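Worth saying up front: this structure is predicted, and the values here are computed from it rather than measured.
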Amino acid sequence: MHAYNRLPSSGHNSPSSPPSPLLSPRLRHGRSKAGRFTPGPAPKSLAQRVAWVLLSVLLRRQGIFLFAPLLYISGMLFYMGTMSFDVVPIITHRPAPGSVYRSPQLYSKLRPEMDSANSSADAISTVWKHSYKGGHWRPCTNKFSGVSGKLNLFIKAMEDGFRNSCKVQDRHVVLLKFSRDDGEDLIASNVDNDDGNNCSMVVKSDDEFEYGLPESNGYILVEANGGLNQQRTSICNAVAVAGYLNATLVIPHFHYHSIWRDPSKFGDIYDDDYFVRSLKNYVWVVDKIPEYIMERFDFNVSNVYNFRVKAWASIQFYRDTVLPKLLEEKVIRFSPFANRLSFDAPPVVQRLRCLANYEALRFSSPLLTMGDTLVARMKERSSNNSGKYISVHLRFEEDMVAFSCCIYDGGEKEKKDMEAARERGWKGKFTKPGRVIRPGSIRVNGKCPLTPVEVGLMLRGMGFDKSTSIYLASGMIYDSERYMAPLVEMFPLLQTKEMLASPEELAPFKNYSSRMAAIDYTVCLHSEVFVTTQGGNFPHFLLGHRRYMYGGHSKTIRPDKRKLAVIFANPNIGWKSFKRQMLSMRAHSDSKGIALKRPNDSIYSFPCPDCMCHMNKTEDSRSPPVT
C-alpha cells in the first residue's frame, strides 16, 4: 500500500483521478423524461439565441424572478422618458344624477305636451281621498280640564255666584265639568240647601267660570328669538313650563334679530288680552313684574338671573334644577328660549302646549282682519272651483338661496349676488378655512329650495290645470322677473298678498316681516291644499294647525325633493312618465296626511292624540263640522 501523495507526480505509480461527478438530477431527468425541458437543436438567428439563453437562465435560476419588478420599473421609466407631456389626457367628469339644475330645459321640452294634455278640472276637489279608519279626530278642549293636577276647584270662588240664587249660608257644592255635543264646555253646580232640598242647577260656560289657581311660585321672563313661528315655539313652551312649575308667566318679549329686522312686540302680533283670558284657568299670566320685586334688581331685567338651558331639555330638568332657583329668587329669566323643551314630555305638558298654540294664540285684530279679507278674496277668485284654492309656501328669497349654497342657472351674476348675500347675513360663516361646499351633493340630498318653475311643473304633473287658483306665500323672490315667468304661464290665476290687497291696505304691515308672515299664515291655513317646498317653522306649524282644523288630516303636499332632483335633471323623461311619478307623490302625501305623534315628533306638527280626540262614526254623525 502506498501513501497518498497530494503533490503532482509524473511517476507511473500515482493513483488515478476520481471519477467525474454525475450530472445534476434536474438535468439528468430533463434529458431522459418526456415532457420536461429539452434544449433541442441550437437556434440559428441572433434573436433566437438571445431568447434561448434568457429562457435557459430563468429556468435554471428561478431566483432571477426576484428582480423582475425592478426590471419592469426600469422598462416603464425608460418608456416614459420617450413620451411628450405637452398633451395631457382629458378625464371627462360625469355629474351624479340630479346634481345639476336643468329644470328650465325640462320645462321647454315638456311644455307642448303638457299644454295639450287633458288635465282634470276638478283635481282640487278630489285630491284628498285618505281618511282615518273608524272615524276622525276633533279638537277637544275638555281634555284641558284639570290639566296640571294643580287646578283645584275652590268653592269659595263660587260662593258669590250661588248666594243670590240659593240664599243659603251652609251648603255642599258639587262641581261637574262636561262637554255638550257641539263641543262647548259647561260647568254645572249642584247646590244643596240647609233643609236637604235640591236648589236650582246653575250652568255656566267654561269662559265664564273661574277655577282657583294655587299661589304662584314666582315669575318667569322669556325672550322669544327668531322669526314668527320660532317665537311661537318659545311662547307655547313657556306656557307649558310656567304651568308645570306653577309659576306666573310674564308676556314674552320678542328679541330683535338682524335677519328678520322686525321690532314688533307681542301685542302687535297676537291678541294679548285674549291670550291672558284663554289661559286664566290654567296658568298665571301678567304683562309685567310687580315693582316691589323689580326694585331688588334696580328695575333692570338684565340683572335677573338668566338660566342658560340646553336645547331640548327635559321637563324633569325644569322641576329639579329650575324650580329650586325660582323658589329662591322669585323671578328668573330664560334668554333665548326657542327649542328649550323636549318634544317627549308628559301629557300634562303636552296639553298645555296644545292650549297655548291652538286656543290662546290668536293674531291681533288688524292682522286677523287683513288675513280674513285675503281669504275671502281668494275664495271669490276661485269660484270656478267652489272657492277652493292652493297655497304654496315658496322659499326662493335671496337669503334662502344664498344660505343653501345651491347653484342655479344665473351664471356669474348669481355667484356674485350669493357671495354678497352670505357675507352680509352670515359674516365669515361660509368662508371659514377648511369648509368645503359641494352644491351638487346638496341638490342630490334634496336640500336646495325649489324654484318657481319646478313648483309649477310638479303641480301640473299632479293634475292641477290652468284654472286652479294659487296663493303664493313668499318674500321677495330672487330675480323674480326671470324665475316667476314660467310659473305664471302654467298658472295664470296665481295671486300674492301684494296682488290681493292695495298698497294702502298693506302699509301698516309692509316693513314688518313677522306681520307679513302672519297674513300668509292665515291665508295658507284656510286653503284646500297647502304645498310646502322647503323645511322651516312656517310649514312645521301649519301642518299641525291644519290637522287640528281638518279632522286630523293636514291636507298638505310634501314632495320628495330627492326624487324631484333626479326627475328634473332627466332630459329623456316624457310627459306621461313625469305625470305618473307626480301623481304617485301626491298620493303619498295624502296617505301621510293623517299621522299620530311618535315620542320624539313635534306636537306642533302632530297634534293627535294629545290635542285631539278620536271620534267614531256614530259620534261623528251627531257632531257638527268644525269651522
Short N-O contact, Arg424 and Glu398, less than 4.0 angstrom = yes
Polar side-chain atom of Ser469 near backbone of Arg381 as donor-acceptor pair, under 3.5 Å | yes
Under 3.5 Å, is there a donor-acceptor pair between the Tyr604 and Asn237 side chains?
-> yes
Take the angle between the ring planes of Tyr548 and Tyr358 and call it parallel below 30°, perpendicular above 60°, tilted in between.
-> parallel
Between the main-chain N or O of Cys448 and the side-chain N or O of Ser404, is there a donor-acceptor pair closer than 3.5 Å?
-> no
Start with the C-alpha distance between Phe266 and His253, add both sets of side-chain angles, then the distance that settles ring-ring contact (aromatic ring centres under 6.0 Å, His included), and finish with yes or no.
-> CA-CA 7 Å; Phe266 187 94; His253 170 71; over 10 Å; no
When you look at Phe530 and His393, which way does the side chain to side chain contact (heavy atoms under 4.5 Å, CB included) test go after all the steps?
-> CA-CA 8 Å; Phe530 173 61; His393 183 226; 3.8 Å; yes
With a 4.0 Å cut-off, would you call Lys597 and Asp610 a salt bridge?
-> no
Side-chain contact test, heavy atoms from C-beta onward, threshold under 4.5 Å: evaluate it for Ile519 versus Phe509 and give yes or no.
-> yes
Arg598 atom CZ: more than 12 heavy-atom contacts under 6.0 Å = no
Quick check: are there more than 12 heavy atoms from other residues, nucleotides or ligands sitting under 6.0 Å from NE2 of His130?
-> yes
Cation-pi geometry met for Arg353 and Phe343 (6.0 Å, 45°) = no
Decide if atom CZ of Arg482 counts as having more than 12 heavy atoms of other residues, nucleotides or ligands within a radius under 6.0 Å.
-> yes
Before accepting this row, confirm whether a basic side-chain N of the pair Glu397/Arg395 lies closer than 4.0 Å to the acidic partner's carboxylate O.
-> yes
Donor + acceptor pair across side chains of Ser342, Asp344 (<3.5 Å) | no
Please check if the side chain of Glu414 supplies one atom and the backbone of Gly410 the other of a donor-acceptor pair under 3.5 Å.
-> yes
Give a yes or no answer on whether the side chain of Ser382 reaches the backbone of Asn385 with a donor-acceptor pair at less than 3.5 Å.
-> no
Would Tyr521 and Phe541 count as a close aromatic pair, with their ring centres under 6.0 Å?
-> no
With a 4.5 Å heavy-atom cut-off, do Val392 and Thr533 have their side chains touching?
-> yes
Between Arg547 (side chain) and Lys555 (backbone), is there a donor-acceptor pair under 3.5 Å?
-> no
Judged by atom type as modelled, is there a donor-acceptor pair below 3.5 Å linking the side chain of Glu505 to the main-chain atoms of Ser502?
-> yes
Do Arg232 side-chain atoms and Asn357 backbone N/O form a donor-acceptor pair below 3.5 Å?
-> yes
Would you please say whether a donor-acceptor pair under 3.5 Å links the side chains of Thr451 and Tyr101?
-> yes
Donor on one side chain, acceptor on other, Tyr389 and His526, under 3.5 Å = no
Will you find, in the side chains of Asp590 and His553, an N or O donor that is under 3.5 Å from an N or O acceptor?
-> yes
Any side-chain heavy-atom pair from Gln534 and Phe396 closer than 4.5 angstrom?
-> no
Could you tell me which non-hydrogen atom of Asp601 sits nearest to which non-hydrogen atom of Leu596, and how far apart they are?
-> OD2-O, 4.3 Å
Inter-residue atom distance Ile390.CD1 - Phe464.CZ, 0.5 Å rounding | 4.0 Å
His540 and Ser605 side chains, donor-acceptor separation under 3.5 Å | yes
Would you confirm whether Thr233, through its side chain, and Asn229, through its main-chain N or O, come within 3.5 Å as a donor-acceptor pair?
-> yes
Judged by atom type as modelled, is there a donor-acceptor pair below 3.5 Å linking the side chain of Lys109 to the main-chain atoms of Ile573?
-> yes
Carboxylate-amine/guanidinium contact Arg111 Glu489, below 4.0 Å | yes
Examine distances only and state if a side-chain atom of Asn445 and a backbone atom of Lys447 form a donor-acceptor pair shorter than 3.5 Å.
-> no
Taking the side chain as C-beta and beyond, is there a heavy-atom pair between Phe275 and Arg362 under 4.5 Å?
-> no
Crowded around Arg558 CZ? As in, over 12 foreign heavy atoms under 6.0 Å?
-> no
Without hydrogens or angle criteria, can the side chains of Ser527 and Arg546 be said to hold a donor-acceptor pair below 3.5 Å?
-> yes
Measure the acute angle between the ring planes of Phe307 and Phe317, then classify it against the limits of 30° and 60° as parallel, tilted or perpendicular.
-> perpendicular
salt_bridge(Lys265, Asp268) N-O dist < 4.0 Å = no
Over-ring placement of Arg460 relative to Phe578, 6.0 Å and 45° cut-offs | no
